[in-house]
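By convention in this document, chain letters (A, B, ...) are assigned in the order of the sequence lines, proteins followed by strands, and residues within each chain are numbered from 1. Note that the structure is a prediction, hence the values are computed from the model and not measured.
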2 protein chains.
Amino acid sequence: MSIPEPARRTQPNADSAAEDYLKTIYHHTEWQSDPVTPSVLASTMGVAPSSVTEMAKKLSAAGLVNYEPYKPLTLTAEGIARARGVIRRHRLIETWLVDEMGYDWHEVHDEAEVLEHSISERLLDAIDARLGHPRSDPHGDPIPSADGTVHSSPALLLSQAGVGTTGTVVRISDRDPSLLLSLAAGGIRPSTTVTVVSQEAEGVVVVRAGSATDATGALVPVTASGTSSIWISSAI
Amino acid sequence: MSIPEPARRTQPNADSAAEDYLKTIYHHTEWQSDPVTPSVLASTMGVAPSSVTEMAKKLSAAGLVNYEPYKPLTLTAEGIARARGVIRRHRLIETWLVDEMGYDWHEVHDEAEVLEHSISERLLDAIDARLGHPRSDPHGDPIPSADGTVHSSPALLLSQAGVGTTGTVVRISDRDPSLLLSLAAGGIRPSTTVTVVSQEAEGVVVVRAGSATDATGALVPVTASGTSSIWISSAI
DNA sequence: GCGAATTTTTAGGCGCGCCTAAAAATCCGT
DNA sequence: ACGGATTTTTAGGCGCGCCTAAAAATTCGC
Ligand SMILES: [Mn+2]
Ligand SMILES: [Mn+2]
Ligand SMILES: [Mn+2]
Ligand SMILES: [Mn+2]
């Protein structure tokens with residue numbers, strides 16, 4: 001009894017903050033290749049830029065991030081592996097919630113955001129097996145396999161596709177639940193075939209292929225920086 | 001963009017420590033009625049007694065714990081409700097892991113200890129419905145219902161039952177996985193009928209009712225304070 | 001019932017992840 | 001190429017949940 005336990009107890013979920021930084025850095029380079037600067041990361045994560053600098057140093061000391069003052073952040077090989085682990089957990093949880101637990105695709109992101117930090121490898125594997133080792137999540141994002149492999153199809157941002165382009169929806173960002181809801185109402189999901197009808201400042205009109213009478217579509221918003229939330233395959 | 005967000009971001013899992021204190025206080029009064037002093041709580045939770053005093057003041061300020069210096073801690077009505085919420089989550093998760101995810105009963109406690117703080121009410125309800133609203137977990141502990149009701153059967157600590165007593169196993173503490181494993185090997189689970197064969201300092205021998213040839217049993221250890229980890233119904 | 005042993009509280013400190021304000025470096029337009 | 005605007009870093013601070021050491025209160029044995 002009463003072993004004189006020498007030291008500091010680890011906080012619950014000790015490094016979930018670090019996991020979020022790794023995941024967010026990875027995410028920024030997954031579909032685009034913006035340099036990931038502290039200010040970009042700070043605004044994505046809702047923290048002050050100084051907090052990013054601080055964490056960047058810590059992650060650099062841990063061998064997960066390459067950090068040079070005043071330069072963009074990049075992940076080391078080990079950092080990439082760790083980020084993929086977090087993303088694998090996130091996307092398998094989202095898939096499980098939709099496929100087995102009665103969630104709709106716009107409702108799963110926030111729940112996964114929390115559980116990705118607490119689920120064990122064993123439980124994750126059980127879920128993965130039960131789902132039949134899915135390759136992509138409900139929004140079309142690839143699920144890294146347990147060994148770290150990722151199969152992602154090359155894709156084109158919808159806002160960069162010219163009017164008249166037809167393609168298959170590869171991926172839709174899950175960050176805006178209300179957009180997901182309206183896209184579902186318009187019949188647009190990953191693997192749907194769509195055609196760009198017009199490109200305007202306030203949005204992009206997309207029409208799903210179909211007979212003239214039952215074709216459906218949606219207005220896809222474009223951000224100030226000129227990007228939409230949908231990626232399509234470049235098949236003409 | 002860049003709303004001048006006024007204040008302090010909440011830490012991830014902000015109050016999981018508080019939830020653990022509430023749960024542990026409740027747990028101590030669930031099957032026995034020891035007074036819950038800071039030293040008892042400190043040793044159960046693996047923290048210093050001064051940490052308990054500190055948290056007791058915080059929980060008292062929050063209206064969840066009755067705290068008077070130098071007196072045992074008790075939960076307020078609101079504290080009981082909150083503790084039952086945590087325990088409901090813990091036990092439903094354990095039940096789900098055993099019933100659907102291929103876990104054995106000695107493997108679930110640690111996983112539940114983490115997930116109980118991060119699962120949402122919605123996901124919990126989905127799991128509860130899927131399991132058919134179970135009343136007790138794999139170790140025989142009652143699962144509080146969503147409205148806070150608990151149905152627990154009166155039970156007798158095995159170490160307090162005389163030699164020759166026969167009864168039904170109501171509940172087995174899940175804190176010692178190796179004991180659970182050996183009890184399962186001995187055919188002892190909740191609702192098993194058992195008879196106390198001998199009471200000794202180092203343990204209690206229990207034999208399951210059965211024909212003379214296939215009767216099985218186990219040696220149940222008794223702690224220094226004279227308690228075992230099994231409760232039986234007082235039938236006879 | 002009193003002194004010793006034990007328990008509990010207080011005091012002061014630490015690491016984490018965040019903040020604001022100010023200083024320093026880089027970037028950008030002319 | 002320079003000066004102002006922007007970005008990034010540094011400095012200092014805060015709340016949380018924990019710690020150890022010391023002080024205070026309670027409990028226990030005789
Ligand atoms: Mn997501
Ligand atoms: Mn997703
Ligand atoms: Mn348990
Ligand atoms: Mn249990």
> Quickly work out the Leu41(A) CG to dT9(D) P distance and round it to whole Å.
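Nearest whole value for this atom pair: 11 Å.
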> With respect to the side chain of Ala48(B), which nucleotide from dC19(D), dT9(D), dT9(C) is positioned closest?
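Out of dC19(D), dT9(D), dT9(C), the nucleotide with an atom closest to Ala48(B)'s side chain is dC19(D).
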> Salt bridge or not between Glu107(B) and Arg122(A)? Use side-chain N to carboxylate O under 4.0 Å.
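Yes, Glu107(B) and Arg122(A) are salt-bridged.
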> Rounding to a whole Å, what distance do you find between His117(B):NE2 and dG17(D):P?
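Those two atoms, NE2 and P, are 12 Å apart.
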> Please report the distance, rounded to the nearest Å, between CG in Leu59(A) and P in dG17(C).
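Interatomic distance, CG of Leu59(A) to P of dG17(C): 9 Å.
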> So, Glu19(B) and Arg82(B), do they make that salt bridge, N to O below 4.0 Å?
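No, Glu19(B) and Arg82(B) are not salt-bridged.
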> Under 4.0 Å between a Lys/Arg side-chain N and an Asp/Glu carboxylate O for Asp99(A) and Arg130(A)?
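No.
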> Atom NZ of Lys58(B) to atom P of dG17(D): distance rounded to whole Å?
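It works out to 5 Å between those atoms.
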> For Ser198(A) and Glu200(A), which I'm curious about, is there any donor-acceptor pair between the side chains at under 3.5 Å?
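Checked: Ser198(A)/Glu200(A) side chains pair up, N/O donor to acceptor below 3.5 Å.
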> How close or far is atom C1' of dC16(C) from atom CD of Glu19(A), stated in whole angstroms?
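Between C1' of dC16(C) and CD of Glu19(A): 15 Å.
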> N/O contacts under 3.5 Å, protein versus nucleotides 10-12 of chain D?
{"unit_1": "dT10(D)", "atom_1": "OP2", "unit_2": "Lys57(A)", "atom_2": "NZ", "d": "2.3"}

> Select one nucleotide: of dC18(D), dA24(C), dC19(C), the one nearest the side-chain heavy atoms of Tyr70(A).
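Comparing dC18(D), dA24(C), dC19(C) against the side chain of Tyr70(A), the answer is dA24(C).
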> Check every strand shown and say whether Pro38(A) touches a base, only sugar-phosphate, or nothing at a heavy-atom separation below 4.0 Å.
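Sugar-phosphate, backbone atoms only, no base.
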> Can you tell me how far the CG atom of Asp110(B) sits from the CD atom of Glu94(B), to the nearest 0.5 Å?
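Result: 9.5 Å between the selected atoms.
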> Any donor-acceptor pair under 3.5 Å linking the side chain of Asp15(A) with the backbone of Ala18(A)?
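It does not hold such a pair.
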> Rounded off to whole Å, could you give me the CG-to-C1' distance for the Leu73(B) and dT9(C) pair?
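Whole-Å distance recorded here is 13 Å.
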> Go nucleotide by nucleotide along DNA chain C from the 5' end; which of Val40(B) and Pro49(A) gets its closest nucleotide reached first?
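Upstream on the strand: Val40(B).
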> Report which part of the nucleic acid Ser51(A) touches: base, sugar-phosphate, or nothing (heavy-atom distance under 4.0 Å, all strands).
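Touches a base.
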> Would you compute the distance between atom OH of Tyr21(A) and atom OG of Ser51(A) and round it to the nearest 0.5 angstrom?
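It is 5.0 Å, given to the nearest 0.5 Å.
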> Let me know the distance between CE of Met45(A) and P of dG17(C), rounded to the nearest Å.
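Nearest whole value for this atom pair: 11 Å.
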> Establish, with yes or no, whether the OP1 or OP2 oxygen of dT8(D) is under 4.0 angstrom from a side-chain nitrogen or oxygen of Thr37(A).
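Answer is yes, contact under 4.0 Å.
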